[in-house]
Amino acid sequence: MTVPERQKTQPIDTDPPILDDSSDPDESAKTWRATPENDLNLTGNLLILIGLTGIGAILRLYGLGTNSLWLDEASTLVFARQSLIGIWESTVGGEFNPPLFYWLEHGMLFFGDSEFVLRFLPALLGVLTIPVVYFIGREFRDQNVGLITAAFLAFSPFHIFYSQEARAYAPMLFFFSLALLCYVKASRSDETRPWVLFGLFSAVAFWMHFYAIVPVAVLSLHALLTRAGEIRSDVRSARNLVLSVVTFVVACLPLLIVTINLFLVRTASAPTFGIQGPGVVYQTLLQISGSSDWILIPFLILFLIGVTYTWREDRDGALLLILMMALPLAASLVLSSRMPMLPRYLIYLLPVYFIGVASAYPGLCALVRDGRAVYLFVAAAVLIGTPFLATYYTTPQKDDWRGFSAGLGRVTGEGDLVVVLPHYVTKPLDYYYSNTTDRTIEFGATTGDDLEAIRDQYPDRRAFYVVTLDISAADPTGDAVGWLEENTRVVGEHTGIHLFVSAQGELND
């Protein structure tokens, strides 16, 4: 944000506001001014932040290895086991995720390949994001906004879930949050260092996940819009902005070249999975709000109130909130018709969304006539996460391949066929199940022709078919599902993993 002229002539007051009772008591709308008397002191802020970070650490590290690896996490392990050069070659060859997270996980394999080890890095960076968003909120408005934002993130069901997943979403958010912090600082001071760091951290976020380029582009657009007048008057005023863009491009150049090709491939045909149309916007807002309409609606109202309050004091800041929420959602809506789109790709909305909601706190303070109303926001953050946390650690949150594999081993016998649909689902299955130990023969299949060929090769063998809903994306024609309906019977289902047996097969006791 470009600092308004009135802020350039005096220090920015980061203290929270209290009600100014010197005005006419009959006025319906009270004015607010910032005073140290009602501020949470620096020590208190630090203790609260440490407490929130500590609680956030417990919520993200507890039960880290409890859930089984699911398909995407097992894919992470497969790529991480490659050499560093091999990981890069996989990206160039068509892997739709950048290599940086796989490189980091490759290093983590030194400590083993357990569920805990694979998820530790995302959990750690998820924890560290909490204090980062505090500093973003403090820099954006004041310390109270920082504390409220940190509290919302600490108890965010969406963030807790992806901090406990061996994928790049939480790490990408951490580095983008650092980029956002640097951008806010750079916009206020126009110093070279934060601009360069903005470009550098943006590059790291992009190396973590391709979709990070969207918010980075939005921030660059915001800088151009808010500095347009200065640039027209003196083009040299754009030097630091250009320097940040150059830093980003240089740091990402090899990946940018690969990204263009992958984007063309990804958008060559309609997606077979993900969310299309307005559902992308709704589901994203729903999930980042806590997956409840009862929370979504008040959050959206508070966000709009926060934007309104911000607009009164800092129009550039309000514009940042608007652009950072509206443009990524609009881009996702448009792109959803040509490429897979899921809410987790937009995890970078969390700090902006929560800062917007937190910025509404002066309105609540005015309503209850007590500056300590900030604590109500912190308490709300705890309450919002409570329903989620009540069952999160006791109920499987991912496909339970560990439990399924144990059950599969009890019903199969020596010489049986184990056919996995679609073929790439062998990744999580093989993490827990060994056909060598079980003395079965394992195949991967995707189409009805694949299934027919396997049966022709082993016409007299009993076959078990392991099927997940991914088959509808891998084989959108429904050919494989039709073949299963005609030639198999259902054995059972476990957390979304279905087991069929060839029609002539008999189960062991």
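Along the sequence shown, residues carry numbers from 1. Values reported hereafter were calculated over all heavy atoms of this structure, with side chains retained and with hydrogens, waters and symmetry mates removed. Computed from a predicted model, the values in this text were never measured in an experiment.
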Which residues pass the side-chain contact (heavy atoms from CB on, under 4.5 Å) test with [X], sequence neighbours left out?
X	answer
Leu300	Leu285, Leu296, Tyr353
Pro351	Val133, Leu173, Ser177, Leu180
Leu124	Phe120, Leu128
Ile50	Leu46

Problem - Phe299 and Phe152 aromatic centres sub-6.0 Å - result: yes

Practice task
Measure from the ring center of Tyr162 to the ring center of Tyr169 and say whether it is less than 6.0 Å.
Solution key: yes

Exercise for the section: Can you tell me which residue pairs pass the ring pair (Phe, Tyr, Trp, His ring centres under 6.0 Å) test with a partner in residues 426-461, sequence neighbours excluded? Expected result: Phe443-Tyr458

Handout entry: Qualifying ring pair (Phe, Tyr, Trp, His ring centres under 6.0 Å) pairs, either residue in residues 401-426, two or more places apart
Key = Trp401-Phe404

Holding to salt bridge (charged side-chain N to carboxylate O under 4.0 Å, His left out), I want the full list of residues that pass it with [X], two or more places apart in sequence or in another chain.
X	result
Glu485	none
Arg439	Glu414
Lys185	Glu139
Asp449	none

Practice task
Can you tell me which residue pairs pass the side chain to side chain donor-acceptor pair (under 3.5 Å) test with a partner in residues 255-278, sequence neighbours excluded?
Solution key: none

Practice task
For residues 94-103, pull every pair meeting side chain to side chain donor-acceptor pair (under 3.5 Å), keeping only residues two or more places apart or in separate chains.
Solution key: Glu95-Asn97, Glu95-Tyr102, Tyr102-Arg167

Problem - Parallel, tilted or perpendicular, as decided by the 30° and 60° cut-offs, for the rings of Tyr183 and Phe198 - result: tilted

